[in-house]
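Structure record follows, encoded as structure tokens.
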Amino acid sequence: MSESRLRFAPSPTGNLHIGTLRTALFNWIYAKAIGATLVLRIEDTDLARSQVEFETNINQGLDWLGLTMDEGPSQGGGWGPYRQTERNELGFYKAHADRLLQLGYAYHCFCTEADLDQERATAEAEKRPYVYSGRCKALSPSDVQDKRVAQIPFTVKFSVPTGPPVRVKDVIRGDIDFDRSLIGDFVLVKSDQTPSYNFAVVVDDGMMGITDVVRGEDHISNTPKQILLFESLGYVVPKFAHLPMILGPDKSKLSKRHGATGVTEYRAQGFLADAVFNYLMLLGWSSADGKELMTRDEIIHRFTLERVSKSGAVFDVAKLRWMNGQYIRRQTPTELLTHVRPYLSDRVRVALEALGFDRFQAAIYSVRDNLDVLTDCNSFLEVYAMDADSWIAQVRGYSFGATDLTAISTFHAHVRGMTEWTVTGIESMIATVVTETGLGKGKVFKPIRIATSGQPSGPHLAELIWILGQSVVVQRMADVVALLNSVN
RNA sequence: GGCCUUAUCGUCUAGCGGUUAGGACACCAGGUUUUCAUCCUGGUAACCGGAGUUCGAUUCUCCGUGGGGCUACCA
């Protein structure tokens, strides 16, 4: 049993994003691969943007993908609470800030936003990189006391100690050095007395015993700050692994302007959780044996951080759709029915349910090769849902020739006389029609297909006829024969 | 602007000094199928540029160039 503890730490400031989900996925897989505990921590310190509904959405997304968490707000665990607002109420961050203040690693800063803007503007005018001047560090204890008594708003800032470059040891990217003089003193506690992101992360990772941090590449430049904090606080610095970014077609960070980014949207479009899971794993990681279609277990057994790539990956919906189709085709009739059912339009669903369970299931299974996403199902299932009026209207649209009439009437005679209604029976019956009429396959199948379904293409003909049912087919053939005779 | 990072077919990627540079998606062409689709077979298509190291660089080093991220009292 490994002592490793990983964490997935989303902030509920929006619906679960596909990129965030990817991070969760890699954490989950890695946790399974090394037998680690995976913690869900809700980073809701941004009071203005955090909302409960987003946390709900995140949980739903994780559930959908089957990304179970070992500890978290709803799972509980011995290292809670798991929401930063709750941890703040317990004074965790305040205690750590006080400790840093006492140790001299932090100081009170009374600079206003305007002060800081000015510093920034000056730096820019002088074309020199901006770092906070640290002027409040020079305040004497009595000055600080006076300002606090006067209730002047303040932040607590970390005083970056001088020293050699901070080295981030990244499992995926190797060592990355950062010059401390360029880091600049940064905010630990905001003026509303909530912790800043970098501070909260370190306090929580430290307190929760996190050993491995797997997160997006966009956090790399935060890492030196966090390392400094871990060290100042006396916590063991965890191992870091920064995942490459997921990009839009224009190669910039995947965002809303590229289209759907919400996990919920992909579910709504009819993507299967397994397909999304598999596809997302292939964005920035590949198995040593080159296999692409893999079950979760197969991925777990093959996964290593060493095989994660370093460059960003463009999200390609076309490949996701292909993969989804592959997963759809691997479903059993029962599984497919379960997955397709929620996507059926009311009209199609009612019509199909009227066929009885067996034919309902068979109807859905008969169109599986046509589906890329589940929402495609309605258009392909339309043949089964067509009422007599629209069927006859379709049939009238075609001009049948003499051989067509022969094929249809011969078929009519046989189908009427069938005593056992099975797909194989229908297949051999159609074969009989072919030999009996002496017409080629094409000259028989096509008119029969149009006469029975009103469509020039669709599911396998014998299956189609079986699902439509004997009475419907016989009735339709009688109607078509009558129609054609009246026209001639 | 500064810091960090990255660079193989259009896209996802394999490659870890010597390969006909491989696979997948997409695309194109055949085939199977009563039809659409599926499926099968084949094809087009890539090492960003320049120096260096080396007998030999896609691979190692440096410099460019392109891309990306960060640069907040957002996470």
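Atom set for the values below is all heavy atoms of this structure, side chains included, hydrogens, waters and symmetry mates excluded. Residue numbering restarts at 1 for every chain, and letters A, B, ... go by the order of the sequence lines.
Among the heavy atoms of the strands lying under 4.0 Å from A:Thr155 is at least one base atom, whether or not backbone atoms are also near. Among the heavy atoms of the strands lying under 4.0 Å from A:Ser309 are primed sugar atoms or P, OP1, OP2 only; no base atom is included. A:Gly284 comes within 4.0 angstrom of the backbone, heavy atoms only, and of no base. Within the nucleic acid shown, A:Arg173 comes within 4.0 Å of sugar-phosphate atoms alone, with no base atom in reach, counting heavy atoms only. When heavy atoms are screened at a 4.0 angstrom cut-off, A:Ser221 is found touching the sugar-phosphate backbone but no base atom. A:Glu292 comes within 4.0 angstrom of a base, heavy atoms only. A:Lys441 comes within 4.0 angstrom of the backbone, heavy atoms only, and of no base. Within 4.0 Å (heavy atoms only), A:Asp46 reaches sugar-phosphate atoms of the nucleic acid but no base atom. A:Lys443 comes within 4.0 angstrom of no nucleic acid atom, judged by non-hydrogen atoms across all strands. Nucleic acid contact for A:His242: none, since no nucleic acid atom lies under 4.0 Å from a heavy atom of the residue. Using a 4.0 Å heavy-atom distance criterion, A:Lys251 is classed as a sugar-phosphate-only contact. Among the heavy atoms of the strands lying under 4.0 Å from A:Ile176 are primed sugar atoms or P, OP1, OP2 only; no base atom is included. Using a 4.0 Å heavy-atom criterion, one finds that A:Arg49 contacts the bases of the nucleic acid, with or without backbone contacts as well. Residue contacts for A:Phe178: at a heavy-atom cut-off of 4.0 Å it reaches the sugar-phosphate backbone alone, with no base atom in range.
For B:rC9, there is no paired nucleotide, since no Watson-Crick or G-U wobble pair has both relevant distances below 3.5 Å. The partner of B:rA45, taking Watson-Crick or G-U wobble pairs whose two distances both stay under 3.5 Å, does not exist in any strand shown. Searching all strands for a Watson-Crick or G-U wobble partner of B:rC70 with both distances below 3.5 Å returns B:rG2. Both distances falling under 3.5 Å, in either a Watson-Crick or a G-U wobble arrangement, place B:rC55 opposite B:rG18.
Atom CG in A:Leu243 sits about 20 Å away from atom P in B:rG68, given to the nearest Å. Here the P atom of nucleotide B:rG69 and the CG atom of A:Leu182 are 20 Å apart, to the nearest Å. Rounded to whole Å, the distance from CH2 on A:Trp322 to C1' on B:rU11 is 14 Å. If you take CE of A:Met245 and C1' of B:rU6, they are 13 Å apart, rounded to a whole angstrom. Atom CG in A:Asp289 sits roughly 11 Å away from atom C1' in B:rG23 (whole-Å rounding). Atom P of nucleotide B:rA75 and atom CD of A:Gln51 are separated by 15 Å, given to the nearest angstrom. Distance, A:Arg120 CZ to B:rC73 C1': 10 Å, rounded to whole Å. Straight-line distance from the CG atom of A:Asn370 to the P atom of B:rC39: 11 Å, rounded to whole Å.
Among the nucleotides B:rU34, B:rC70, B:rA75, the one closest to any side-chain atom of A:His460 is B:rU34. In the set B:rC4, B:rU13, B:rA26, B:rU13 carries the atom at the smallest distance from any side-chain atom of A:Ser286. The side chain of A:Ser191 lies closest to B:rC73 when the candidates are B:rC73, B:rG68, B:rA75.
The base of B:rU38 is not paired with the side chain of A:Arg329 by any donor and acceptor separated by under 3.5 Å. Side-chain to base pairing of A:Asp316 with B:rA26: no donor and acceptor N or O lie closer than 3.5 Å to each other. A donor-acceptor contact under 3.5 Å links the side chain of A:Lys319 to the base of B:rA24.
Within the structure, every side-chain polar atom (N or O) of A:Lys190 is placed at least 4.0 Å from both OP1 and OP2 of B:rA72. The phosphate of B:rU11 has neither OP1 nor OP2 within less than 4.0 Å of any side-chain N or O from A:Arg321. For A:Gln326, a side-chain nitrogen or oxygen approaches OP1 or OP2 of B:rC39 to under 4.0 Å. Side-chain nitrogen and oxygen atoms of A:Ser457 include none within less than 4.0 Å of the OP1 or OP2 phosphate oxygen of B:rA37.
A salt bridge does not link A:Asp316 with A:Arg321: every distance from a Lys NZ or Arg NE/NH1/NH2 to an Asp or Glu carboxylate oxygen is 4.0 Å or more. Of the charged side-chain nitrogens involved, at least one lies within less than 4.0 Å of a carboxylate oxygen, so that A:Lys319 and A:Glu292 count as a salt-bridged pair. Classification of A:Arg296 and A:Asp274 as a salt-bridged pair holds, one side-chain N sitting under 4.0 Å from a carboxylate O. Ionic pairing of A:Glu55 and A:Arg83 is present here: one or more N-O contacts between side-chain nitrogen and carboxylate oxygen are shorter than 4.0 angstrom. The existence of a salt bridge linking A:Arg7 and A:Asp204 is excluded, since no basic side-chain nitrogen approaches an acidic carboxylate oxygen closer than 4.0 Å. Using a 4.0 Å cut-off between a side-chain N of Lys or Arg and a carboxylate O of Asp or Glu, A:Arg167 and A:Asp175 qualify as a salt bridge.
Taking the P atom of each, B:rG22 and B:rU44 are spaced 10 Å apart, rounded to whole Å. Straight-line distance between the P atoms of B:rC25 and B:rG43: roughly 15 Å, to the nearest whole Å. Nucleotides B:rG64 and B:rA72 place their C1' atoms 33 Å apart, quoted to the nearest Å. Only the C1' atoms considered, B:rC39 is 37 Å distant from B:rA7, to the nearest whole Å. B:rG67 and B:rU11 have their P atoms separated by 14 Å, given to the nearest Å. One C1' atom belongs to B:rC74, the other to B:rC12, and the distance between them is 31 Å to the nearest Å. Rounded to whole Å, the separation between the C1' atoms of B:rC27 and B:rA46 comes to 16 Å. A gap of 39 Å separates the C1' atoms of B:rG69 and B:rU20, to the nearest Å.
Of all the heavy atoms in A:Ser232 and A:Tyr105, the pair that sits closest is CB-CD1, 3.7 Å.
The NE2 atom of A:His414 sits 13.5 Å away from the CD1 atom of A:Ile426 when rounded to the nearest 0.5 Å.
Where A:Lys225 and A:Pro195 each meet RNA chain B at their nearest nucleotide, the meeting point lying more 5' is that of A:Lys225. Both A:Gly442 and A:Lys310 sit near RNA chain B, but only A:Lys310 has its closest nucleotide nearer the 5' end.
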Checklist entry - What's the verdict on side-chain contact (heavy atoms from CB on, under 4.5 Å) for A:Leu21 and A:Leu67, showing C-alpha distance, side-chain angles and the deciding distance? => result CA-CA 10 Å; A:Leu21 175 67; A:Leu67 302 183; 3.9 Å; yes
